[in-house]
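Letters A, B, ... mirror the listed sequences (proteins, then strands); counts begin at 1. In this text the structure is predicted, and so the values were computed from the model without any measurement.
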Protein chains: 2
Amino acid sequence: MNKQIETLVLKVAKLTRQTHELGIPVMILFEGIPASGKTRLCNELLLTLDGKYSSFIATKSPSEEDLRYQFFQKYWNGLPKKGDINVYFRSWYAHYIDFKENRIKEDFYKDYQTLREQIHQFESMLIADNHEIIKFYIEIDEEKRLEHIREMRQNPLTKWKAQEYEDVIESKIYEANMKAFVDESQDWEVIDYTNREHATLLMYEHMIQRLEAAISRHERKCTERNGHFTEGFSDDAFEMMTDKVKKDAYDQQIDALQSRLTELQFALYERKIPLIIVYEGMDAAGKGGNIKRLRQKLDPTGYEVNAIGAPTEDELNRHYLWRFAKDMPKSGHIELFDRSWYGRVLVERVEGFATVDEWQRAYDEINAFEKMWTDEHAIILKFFLTIDKDEQLKRFNDRVENVDKNWKITDEDWRNRDKWAEYQEASLDMIHKTHTSYAPWHVIATNHKKTARIKVLKHVIRTCEAELFGVMHD
Amino acid sequence: MNKQIETLVLKVAKLTRQTHELGIPVMILFEGIPASGKTRLCNELLLTLDGKYSSFIATKSPSEEDLRYQFFQKYWNGLPKKGDINVYFRSWYAHYIDFKENRIKEDFYKDYQTLREQIHQFESMLIADNHEIIKFYIEIDEEKRLEHIREMRQNPLTKWKAQEYEDVIESKIYEANMKAFVDESQDWEVIDYTNREHATLLMYEHMIQRLEAAISRHERKCTERNGHFTEGFSDDAFEMMTDKVKKDAYDQQIDALQSRLTELQFALYERKIPLIIVYEGMDAAGKGGNIKRLRQKLDPTGYEVNAIGAPTEDELNRHYLWRFAKDMPKSGHIELFDRSWYGRVLVERVEGFATVDEWQRAYDEINAFEKMWTDEHAIILKFFLTIDKDEQLKRFNDRVENVDKNWKITDEDWRNRDKWAEYQEASLDMIHKTHTSYAPWHVIATNHKKTARIKVLKHVIRTCEAELFGVMHD
């Protein structure tokens with residue numbers, strides 16, 4: 001190996017050991033037309049990285065199954081954890097061009113401007129969360145490129161592979177699209193691979209520059225961070241509704257509503273519409289029982305309940321939206337979240353697990369996150385279940401006394417109760433800032449549980465019917 | 001709800017909280033012909049389980065992508081962790097029947113007896129590792145079944161779903177196959193759903209009986225477990241080969257071999273043969289450098305390196321083979337394991353992380369595990385790299401002195417060195433007990449690193465050529 005490159009390799013190896021130790025997630029994108037040399041360059045870099053914390057991720061044309069998920073689904077699933085390095089061989093940019101040029105999901109995206117916005121949002125969220133995104137665009141002299149393809153074609157073992165490279169029109173379109181991205185942003189490092197050694201050198205130099213910058217930014221952030229957690233609160237309370245449903249009416253209604261929802265589940269499936277239902281609310285507000293009534297007659301092959309507890313080590317080591325994103329439903333499926341990403345602006349805010357900057361930023365992030373799914377015509381319904389403080393006490397005591405229920409009540413519940421006002425404030429802020437036209441909140445008083453169940457079922461049915469048949473009745 | 005059932009529900013809820021706390025993984029299988037009532041029964045059970053640690057997994061006809069993986073791949077990926085409960089709506093049994101009746105992968109499985117053996121092996125491994133597998137087979141009076149289908153057909157929203165149920169021939173075949181399984185094993189709990197309430201009752205009663213048995217078995221194991229870790233060892237050493245390759249010859253050969261391997265990579269891809277390469281060996285034996293030479297010219301879109309470190313919390317909470325199984329290559333891809341599942345019988349044995357019973361059982365388990373892939377014509381090559389004790393000391397000291405290498409040497413390496421003899425013994429046992437015709441070991445002396453690299457490359461090339469072209473040259 002060239003002596004100069006050897007020195008750079010050692011430096012990159014050292015810097016990546018540092019980003020690993022500091023817990024900085026690094027994402028390295030390689031774009032470039034076929035046979036431009038990005039394969040070689042990419043492998044060269046991989047050899048320098050420690051296999052224990054680096055991954056190679058290739059973007060391919062989406063399969064039929066892939067298309068049942070949101071555009072970014074695979075990238076969310078494979079997000080690097082703290083200190084990991086993901087090398088993307090073609091990235092969401094190639095994925096975007098594929099969608100745009102092949103008119104994939106055209107009904108949702110029309111001129112594909114929305115997808116560009118999603119790309120911007122996705123990257124912004126990650127960068128705000130300390131992810132380092134490094135983008136390479138590889139070019140090559142056209143003659144060199146054709147020479148490489150000729151070589152492959154002459155070898156019987158690699159001949160079929162060369163054929164993949166011959167779809168020239170596609171390459172031209174890809175190139176034109178990528179050029180537009182590269183021109184409009186400073187982010188991209190353009191590397192000419194015509195001279196291989198020179199290209200390798202440039203790649204490593206850019207890596208060093210970016211990694212060093214990431215490390216010093218990280219160190220600066222660590223010193224700034226202290227003391228920036230939440231404090232103080234104002235008081236408030238939710239309005240309590242009191243119109244109770246009678247016992248007889250309840251039995252009749254709940255059965256009819258559950259049956260209707262089952263029919264709608266099949267209809268959503270046939271129409272390939274995903275349904276996302278989020279439950280948040282004070283402890284003992286009756287989330288569990290409410291969810292149980294909602295799912296009682298559903299077909300289990302088409303829905304899933306995601307009960308969110310304290311994050312695991314694996315979840316803490318990734319962007320906070322990762323644990324939810326990876327479980328979002330595919331087309332025609334229903335996902336019920338018993339607590340959700342709103343934990344960021346509720347418990348994490350109140351308990352100081354997130355910094356002020358982090359939870360304040362989260363409102364916009366969450367709105368953008370939810371829009372990614374509704375952009376593809378998912379239905380999102382968010383329910384906030386409330387009770388008053390006296391009723392909560394009554395229910396807590398009830399749990400303590402009932403031998404079949406007392407596993408439900410923990411010290412943490414009592415501690416949360418002590419912070420009633422803080423939670424109220426955080427909840428109100430959340431509802432104001434994340435109540436959008438495409439993903440609205442429904443605040444449901446649950447001092448009378450049965451009434452609350454009927455209300456939620458009605459909201460879900462009404463919203464689904466509106467989406468399926470364009471009707472909205474009451 | 002029926003009072004009797006209500007009591008059973010509370011009991012099951014309580015017992016599953018216990019299995020959760022004790023860390024017992026529970027797998028519940030539901031099989032039964034379409035419209036037999038297994039959907040309802042399954043959902044009924046799900047409502048009783050805590051969503052925080054229970055999952056619903058439906059087995060579907062495999063997609064084209066699925067078929068690129070081993071038969072059990074999805075079940076490995078979704079294995080429950082300690083304390084989790086997986087409910088399978090149709091399981092590997094339905095999957096097997098699908099394979100058999102539709103002649104899927106017929107080239108590999110011919111009369112599908114091999115797959116039945118795989119099922120047996122898979123379940124045995126899990127049961128030995130404390131997993132509780134509960135199997136329900138749901139039957140129903142044929143008239144009741146047809147009535148249910150008629151109802152669905154009359155409703156325009158669910159009509160399409162009813163059509164799925166009408167493929168009577170398929171149901172009959174499924175039934176005949178399942179009956180054979182049910183008849184030959186005591187494992188299955190057969191439930192007649194003709195009377196719904198009675199069926200629910202039976203299901204919960206069986207659940208209670210099995211969960212109670214699992215819990216008491218678990219408690220018994222815990223008391224037995226103490227003191228059953230490894231001790232003692234005999235001495236030994238590996239033979240050292242000394243035929244060194246000369247510098248000039250090396251430069252020439254390595255380049256030619258790497259190029260040949262790249263061609264073979266494309267050929268394997270085209271022929272859809274997965275290649276699994278396992279590296280084990282003493283510290284500083286040169287695994288890293290050897291792997292680097294092997295992958296140097298490979299196309300990164302077709303291979304992955306899996307460097308195995310200490311297990312994460314998530315990995316410790318699952319069957320020890322899970323972390324490897326989930327990363328096995330799909331057809332035509334190459335997976336390189338830098339250390340592997342053999343850790344079970346090496347470090348885990350020597351350090352006492354596994355009990356004597358666990359690591360002794362592991363030889364057979366590993367042989368069965370590897371066979372699952374070679375049954376589908378994967379190539380498995382296993383390399384054990386050895387050095388002598390003096391050479392290791394030389395390399396350790398070298399690392400300590402070299403500023404670019406000293407991150408590589410840790411206290412653990414020195415501790416392992418102190419247990420040289422124990423590791424030798426464990427390695428020899430491993431090689432003797434897991435050297436199979438379908439997944440052989442190659443012991444490679446690495447006192448001279450370059451010679452070792454040439455040897456490994458030659459082994460890989462020779463084995464691939466034999467598989468691809470039926471030739472075996474030297």
- prompt: Between A:Val305 and B:Phe56, is a side chain to side chain contact (heavy atoms under 4.5 Å, CB included) present by the stated rule, with each step listed?
  reply: CA-CA 9 Å; A:Val305 180; B:Phe56 175 85; over 6 Å; no
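- Neither the backbone nor the side chain of B:Glu65 comes within less than 4.5 Å of any heavy atom in chain A.
- For chain A, the option among B:Glu304, B:Glu263, B:Arg90 with the highest count of heavy-atom pairs below 4.5 Å is B:Glu263.
- If you take CG on B:Asp314 and CG on A:Asp314, they are separated by 4.5 Å, rounding to the nearest 0.5 Å.
- Residue contact with chain A, scored on non-hydrogen atoms closer than 4.5 Å, involves the backbone and the side chain of B:Lys292 alike.
- With a 4.5 angstrom heavy-atom cutoff, B:Ile308 touches chain A only via backbone atoms.
- In this structure, the separation between CH2 on B:Trp407 and CD on A:Gln18 is 13.0 Å, given to the nearest 0.5 Å.
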- request: Output, in order, the C-alpha distance, side-chain angles, deciding distance and verdict of side chain to side chain contact (heavy atoms under 4.5 Å, CB included) for B:Thr301 and A:Phe89.
  value: CA-CA 8 Å; B:Thr301 57; A:Phe89 181 82; 3.3 Å; yes
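- In this structure, OG1 in A:Thr158 is found 11.0 Å from CG in B:Leu264, a value given to the nearest 0.5 Å.
- Contact count versus chain A (heavy atoms, under 4.5 Å) is highest, among B:Asn306, B:Leu298, B:Asp338, for B:Leu298.
- At a 4.5 Å heavy-atom cutoff, the contact between A:Arg17 and chain B is made by side-chain atoms alone.
- Other residues, nucleotides and ligands contribute at most 12 non-hydrogen atoms within 6.0 Å of the NZ atom of A:Lys74.
- In this structure, chain A has a heavy atom under 4.5 Å from the side chain of B:Lys60, while its backbone stays farther away.
- At a 4.5 Å heavy-atom cutoff, the contact between A:Arg260 and chain B is made by side-chain atoms alone.
- Side-chain atoms of B:Leu47 and A:Arg295, non-hydrogen and from C-beta on, do get closer than 4.5 Å to each other.
- One finds the CD atom of A:Glu64 at 9.5 Å from the CD atom of B:Glu64 (value rounded to the nearest 0.5 Å).
- Side-chain N or O atoms of A:Asn43 include one that pairs as donor or acceptor with a backbone N or O of B:Gln296 at under 3.5 Å.
- In this structure, chain B has heavy atoms under 4.5 Å from both the backbone and the side chain of A:Lys52.
- Rounding to the nearest 0.5 Å places CG of B:Leu157 at 9.5 Å from CG of A:Leu268.
- Interface remark: of the candidates B:Gly51, B:Pro156, B:Pro300, B:Pro300 forms the most heavy-atom pairs closer than 4.5 Å to chain A.
- In this view, A:Ser55 and A:Asn86 satisfy the side chain to side chain contact (heavy atoms under 4.5 Å, CB included) rule, not counting sequence neighbours.
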message: Does A:Phe266 form a side chain to side chain contact (heavy atoms under 4.5 Å, CB included) with B:Met152? I'd like the steps, not just the answer.
response: CA-CA 11 Å; A:Phe266 291 126; B:Met152 292 207 90; 3.7 Å; yes
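- Listed by chain and number, the residues in a side chain to side chain contact (heavy atoms under 4.5 Å, CB included) with B:Lys11 are B:Leu15, B:Ile208, B:Glu212 (sequence neighbours excluded).
- Using a 4.5 Å cut-off between heavy atoms, B:Asp50 contacts chain A through its side chain alone, with no backbone atom that close.
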task: Given side chain to side chain contact (heavy atoms under 4.5 Å, CB included), test B:Lys405 with A:Leu10 step by step and report yes or no.
output: CA-CA 10 Å; B:Lys405 284 187 181 170; A:Leu10 285 173; over 6 Å; no
